[in-house]
Amino acid sequence: MNNRIYNCLRAEPLSPSNKCLITFALLLFAQISVAQDTTKLIEIEVTAIRQSTSFQKTIKIDSIDLANQSNRNLGELLANHTTIFIKNYGNGALGTTSFRGGSANQTAILWEGLNIKNSMLGQTDLSLLPLALFNSVQIDYGGGSALWGSDAMGGSIHLSGSNKQLKQGLSLITQLGSSSLNAMNAFTGFSYAAKKLSTETKIYLNQNKNQFKYIDTNLSKEPITIKHAAYNNFGFMQNVNYAIHPNHQIKLSLWFNSFDRQLPNFSQTFKSKQYQYDRNTKLITQHHYFKSRIAANTKLAYFGDVLNYIDSIAGIYSYSRVENLVIDHENKFQINKRSRFQSGFNLSGSKAITKNYEDSERLLRMGLYMMYSYNWLDNLTTSAVIRYEVTNLTKIPVTGNLNLSYQLTKRCFLKLNAANVFRQPSLNELFWLPGGNRNLLPENGNVFDGEIRYQKNHSNLAFDISLAAYHKIINNWILWLPGPNGNPSPKNIQQVFSRGTETSTKLTYQLKSLKVGMQFLTHYCLSTITKQDQDYTNSLNKQLIYTPRYTGNFNLFVQFKSASLQMNNQYVGYRFTSSDNSGWLNPYYVSSIRLNYQFILGKESNVNLFAASQNLFNSNYHIVENRPMPLRYFEFGLSINYYKPKTNIKS
């Protein structure tokens, strides 16, 4: 068994026996955790101290939408329910964000308040983040580097795998699904909660031969079935909360993920032999203290990412491992009824091992932030944040935020945010051989954004309308350019100016057993290069590649008694594929529809059946050049939910 676990950590493909062993061990651990609790004390709830939601535009994904897309990944959710453009390389392939005209490296993705990016790549692959794990997904728009550190230039995405509202007792959920792509997915989760202890276990498995059809218009109008694109995803998450004292709580979160995939080549004459194996291990321990007007939270974390890329035809066997250790501490002090002070520090060390570096490289960082907020009137609150950060590799500018939240009327709200932002260069950008550039400067700039929002409930009708605008200038933008002997090398060569508007309209109507809802999202983004150091390119004042100017989403939800229907519609405009804007991809419109029917088994138990069609109207489209997306395919499945209230158990 030890050898099998060792193989998992070395990013070798998991065999069925390996998966069974890990699953059995996790189930045993969860059962032991459940059996130990016999005492009633307080409700478990470890909460975050850093919260920018009152000063920035924020979207929290509805729990129904999370449940309905639990068999999908984070990128697919964001594409359907936000204005963030997801650069998707294909079904089951790499997915990254383009947040308000930024690059994939300029979005902070945080799990339990800590950035989980791969320090070598400088970004997070959204296909590695299955939605079944998360009870909460929240998006903060606008610059937030002073609070969250590097990468939060266009916005930040906050993930939580623990449920803060667990019912006391035992809860079980099992989901099974299949699709016409020759796929099978399974998820099981169970939780137990008492007043002193709560524990949650989640296990997921996704095996997909990914045999989707696409059309290559250069060859024929007949659909072609993709080859060598299968992927397998397996993992688990364990959360344990324990109240050691009415004012002290501890929390443990463990997450292991294994993702094996074949990388297709869409040439009909060349047979691909490319593979990628990812192994991700994340562990966070937290201690939360609160009393009267004081709260403190301390986190110790380990993040380990292994990536193994193989191309047997080209003779490439690339193995890389990066490990991160993090200490994070934050305090909140309520000075009086109107004013509040927060502070915190973050210490982190990253170590990367790969044959593509001259030696194992380390990035050491220390950051300190302070925040003061004041409620001038009952309807006006302002805040100021400042952050000082140092590293052993680059010089980080001092960053800060100024925020204002104003309640114009009983139902109308205004938020304004001004921020300095930065991004630390990734380890690959600094040390990759050949081509790494040790002299890179951090990307940095200024962001201004605001939102006005109106909400009203009238009889059976509720509506929520918002308009947001932003203005962002980023200096020292890093691009990989052709270097000596044709090897690309990253350089600080550009200044990019991004500006745009976002609208959101949400209406909900309910009459007895009928509930109807709709949401309409739009985004206009102009992201252009205003300065550059390249004399031989014609990219000045041109739109950034793979940054659509127009995107829109229209989502419709209808529920009657135990049946519900949800339809998602997404429009994405032209994306330029060359820096001089001479090449582009055509706009695309894609829809999906899902039908659910719920059978009530008891007071707290039910069975939910669903059927869905992805790409309902059979659109032939590419999000990334030469990476076709699937034509229409179908999904089916069921979920079983069971709950048993807690009874007194004597040890």
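Only this structure's heavy atoms are used, side chains among them; waters, hydrogens and symmetry mates stay out. Positions are given from 1 along the sequence.
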Should the pair [X] and [Y] be assigned to parallel (<30°), tilted (30 to 60°) or perpendicular (>60°) ring geometry?
X: Phe303; Y: Trp111; result: tilted
X: Phe236; Y: Phe256; result: tilted
X: His523; Y: Tyr470; result: tilted

Any chance the side chains of [X] and [Y] put a donor and an acceptor closer than 3.5 Å?
X: Asn280; Y: Asn257; result: yes
X: Thr201; Y: Gln238; result: yes
X: His158; Y: Asp140; result: yes

Check: [X] ring centre within less than 6.0 Å of [Y] ring centre:
X: Tyr289; Y: His245; result: no
X: His288; Y: His248; result: no
X: Trp255; Y: Phe134; result: yes
X: Tyr277; Y: Tyr309; result: no

What side-chain donor-acceptor pairs closer than 3.5 Å can you find for residues 362-371, not counting sequence neighbours?
residue, atom, partner, partner atom, Å
Arg365, NE, Glu389, OE2, 3.0
Arg365, NH2, Glu389, OE2, 2.8

Min side-chain heavy-atom separation [X]-[Y] under 4.5 Å:
X: Leu159; Y: Val137; result: yes
X: Ser150; Y: Phe422; result: yes
X: Asn446; Y: Val421; result: no
X: Lys282; Y: Met237; result: no
X: Leu66; Y: Leu131; result: yes
X: Arg340; Y: Ser373; result: yes

Treating [X] as the side-chain partner and [Y] as the backbone partner, does any N or O pair qualify as donor plus acceptor under 3.5 Å?
X: Asn73; Y: Leu128; value: no
X: Thr354; Y: Tyr357; value: no
X: Thr82; Y: Leu78; value: yes
X: Asn105; Y: Gly122; value: yes
X: Asn492; Y: Leu441; value: yes
X: Ser489; Y: Gly435; value: yes
X: Asn118; Y: Asp305; value: no
X: Gln56; Y: Tyr141; value: yes

For a side-chain contact (heavy atoms from CB on, under 4.5 Å) check, start with the C-alpha distance between Leu544 and Val496, then their side-chain angles and the critical distance, and finish with the verdict.
CA-CA 8 Å; Leu544 285 182; Val496 176; 3.8 Å; yes

Can you see which heavy atom on [X] is nearest to which on [Y], and at what distance?
X: Leu440; Y: Pro490; result: CD2-O, 3.6 Å
X: Gly189; Y: Phe187; result: N-CE2, 4.1 Å
X: Phe99; Y: Gly155; result: CE1-CA, 3.8 Å

Whether [Y] and [X] form a salt bridge (side-chain N of Lys/Arg under 4.0 Å from carboxylate O of Asp/Glu) is what I want to check.
X: Glu451; Y: Lys57; result: no
X: Asp449; Y: Lys472; result: no
X: Asp278; Y: Arg321; result: no
X: Arg438; Y: Glu361; result: yes

Applied to residues 391-401, the salt bridge (Lys or Arg N to Asp or Glu O under 4.0 Å) test, sequence neighbours excluded, yields none

For residues 104-117, the salt bridge (Lys or Arg N to Asp or Glu O under 4.0 Å) pairs (sequence neighbours left out) are Glu112-Lys251, Lys117-Asp151

